[in-house]
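Below, chain A is the first sequence line, B the second, and so on; all start at residue 1.
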Amino acid sequence: MIVPYGHVLILAVMSFAVGLVCMVARRNLIMLLVGVEIMMNGAAIAFVGAALRWQLLTGQVFVLFLIGVAGAEVSVGLVLIVAAYRKTESLDPDTYNLLKW
Amino acid sequence: MTLYGAVFYLLGIIILGASVLAITRRNMVHAVICLIVSFLGTALLFFLLGAPFLAALEVIIYAGAIMVLFLFVIMTLKMETSKELGPSIGRWGPAVLLGTAFLILIVLVVTRDPISRVALETSVAEPAAFGRFVFENYWLAVEIISLLLLVALVAVIHLGRGKGEANKEDEA
């Protein structure tokens, strides 16, 4: 045996909570994306733990898709940040107050 | 506690410690380096939980490609030292409160559920069996993910056209 299933879930939730705190507290767009990555990582831990608990491969397939979606999300998010940084010279979300440029 | 259990708790401490370090760094390069440690710990955890293929993917894609993309953007834009305000109780207080409330709620739900007390047995999903399972049962989802990545590629090329185009729009 490794550990009770609940401990894997609690580790996943703690990881998710750390990402949540990062997203709410930081005033920096790149750190916001870092928070999203930590939260996705927590979700992946929960999926892999559940796949082992029920001996089903479907949970691991979900993590495969999660990694693919995370790659797409990060690339689009970072290029949006770069485009916004060129206009405003700032990473603070509060400085993005234009609806049209 | 078995050896596997000890490894699990050690990896949990590494993952959480590196994540907390990452979100509190003011220098973004340091934050990304801490995050790489966290993702490598997660890869080892996947290995422990019987997913060697996903562990390899986590190292290659998360700790490799995505984190290098972050470093690349931080360094090309010369914004290692952000002008972000220092940590203040006004911003971190509510965030930590929200995170703690969320954590307590989920831990209560998990510990009350009898399913969560089942001990995990070691087993390994061989990469070959995993690949066969994916393409026999979820081939349509694989195609959809590849389409999503293609759309993301087109969006990145369109948005990142470069300064020349942006300047022309400024003059117009």
Side-chain angles (χ1 to χ4, degrees), chain A residues 1-11 13-15 17-22 24-28 30-31 33-35 37-38 41 44-45 48-49 51-53 55 57-58 60-61 63-65 67-72 74-76 78-83 85-87 90-92 101, chain B residues 2 4-5 8 12 15-16 19-20 22-23 28 31 35 39 42 45-46 49-51 54 57 61 66 69 73-74 77 79 82 84-85 91-92 95-96 98-99 102-103 106-107 110-111 115-123 125 130 133-134 138 141 145 148-149 152 155-156 159-160 163 166:
Chain A
M1 66 156 276
I2 305 175
V3 283
Y5 173 54
H7 290 195
V8 180
L9 280 186
I10 288 172
L11 174 64
V13 166
M14 282 166 92
S15 187
V18 169
L20 189 68
V21 169
C22 178
V24 175
R26 295 298 295 253
R27 285 276 181 281
N28 182 329
I30 295 214
M31 293 309 292
L33 270 188
V34 164
E37 288 304 303
I38 297 175
N41 207 41
I45 293 173
V48 173
L52 184 62
R53 160 68 181 80
Q55 302 285 322
L57 273 176
T58 312
Q60 295 193 11
V61 176
V63 177
L64 187 71
F65 297 146
I67 291 174
V69 171
V74 161
S75 55
V76 174
L78 279 175
V79 83
L80 280 173
I81 290 172
V82 169
Y85 185 80
R86 282 191 191 136
K87 285 285 172 192
S90 166
L91 284 177
D92 191 343
W101 60 43
Chain B
T2 60
Y4 289 136
F8 175 84
I15 293 169
L16 288 176
S19 298
V20 169
I23 70 165
M28 279 181 279
L35 209 58
F39 286 151
T42 311
L45 186 67
F46 285 176
L49 294 180
L54 290 177
L57 275 191
I61 297 180
I66 292 180
L69 201 62
V73 168
I74 291 169
L77 293 188
M79 49 195 180
S82 76
E84 191 180 359
L85 296 169
R91 283 190 296 118
W92 282 92
V96 173
L98 173 71
F102 170 75
L103 192 61
I106 302 285
V107 167
V110 167
T111 48
I115 289 174
S116 71
R117 279 189 279 279
V118 175
L120 294 174
E121 299 300 329
T122 50
S123 86
F130 178 68
F133 182 80
V134 170
Y138 294 96
I145 287 287
L148 177 74
L149 287 169
V156 167
L159 285 169
K163 265 212 155 75

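- The part of B:Leu45 that comes within reach of chain A is its side chain, from C-beta onward, which places non-hydrogen atoms under 4.5 angstrom from that chain.
- In terms of non-hydrogen atom pairs under 4.5 Å with chain A, the most contact-rich of B:Ile61, B:Val134, B:Thr42, B:Val20 is B:Thr42.
- Scanning both residues, A:Asn28 and B:Met28, for their nearest heavy atoms gives ND2-SD, 3.5 Å.
- Contacts of A:Gln55 with chain B are made by side-chain atoms alone, with heavy-atom separations under 4.5 Å and no backbone atom involved.
- Both the backbone and the side chain of A:Ala44 come within less than 4.5 Å of a heavy atom of chain B.
- A 4.5 Å side-chain heavy-atom check between A:Leu11 and B:Leu16 finds at least one atom pair inside the cut-off.
- For a residue to count as touching a neighbouring chain, one of its non-hydrogen atoms must lie under 4.5 Å from one of that chain's; by this rule A:Ile45 touches chain B with backbone and side chain alike.
- Remark: A:Ile10 engages A:Met14, B:Val107, B:Val110, B:Thr111 in a side chain to side chain contact (heavy atoms under 4.5 Å, CB included) (not counting sequence neighbours).
- In terms of heavy-atom pairs under 4.5 angstrom with chain B, the leader among A:Leu80, A:Val76, A:Val79, A:Asp92 is A:Val79.
- Ranked by heavy-atom pairs shorter than 4.5 Å toward chain B, the options A:Val34, A:Val74, A:Leu57, A:Leu64 are led by A:Leu57.
- Interface residue B:Leu69: backbone and side-chain heavy atoms are both found under 4.5 Å from chain A.
- Of all non-hydrogen atoms in A:Val3 and B:Gly5, the two that sit nearest each other are CG1-CA, 3.9 Å.
- Between A:Val24 and B:Trp92, the closest side-chain pair of non-hydrogen atoms is not below 4.5 Å.
- Inter-residue side-chain proximity for B:Ile145 and A:Val69 is flagged as met; some heavy-atom pair is nearer than 4.5 Å.
- Partners of A:Phe65 under the ring-ring contact (aromatic ring centres under 6.0 Å, His included) rule, at least two apart in sequence or in another chain, do not exist in this structure.
- The candidate from B:Ala125, B:Ala95, B:Ala152 with the greatest count of non-hydrogen atom pairs under 4.5 Å with chain A is B:Ala95.
- B:Leu103 and A:Ala17 get closest at one heavy-atom pair: CD1-CB, 4.3 Å.
- Between chain A and the residues B:Ala51, B:Gly99, B:Ala155, the largest count of heavy-atom pairs under 4.5 Å involves B:Ala51.
- For B:Phe130, the parts lying under 4.5 angstrom from a heavy atom of chain A are both the backbone and the side chain.
- No side-chain heavy atom of B:Phe133 sits less than 4.5 Å from a side-chain heavy atom of A:Gln60.
- Within the 4.5 Å cutoff, side-chain heavy atoms of A:Val63 are placed close to those of B:Phe46.
- Heavy atoms closer than 4.5 Å to chain B are found in both the backbone and the side chain of A:Leu52.
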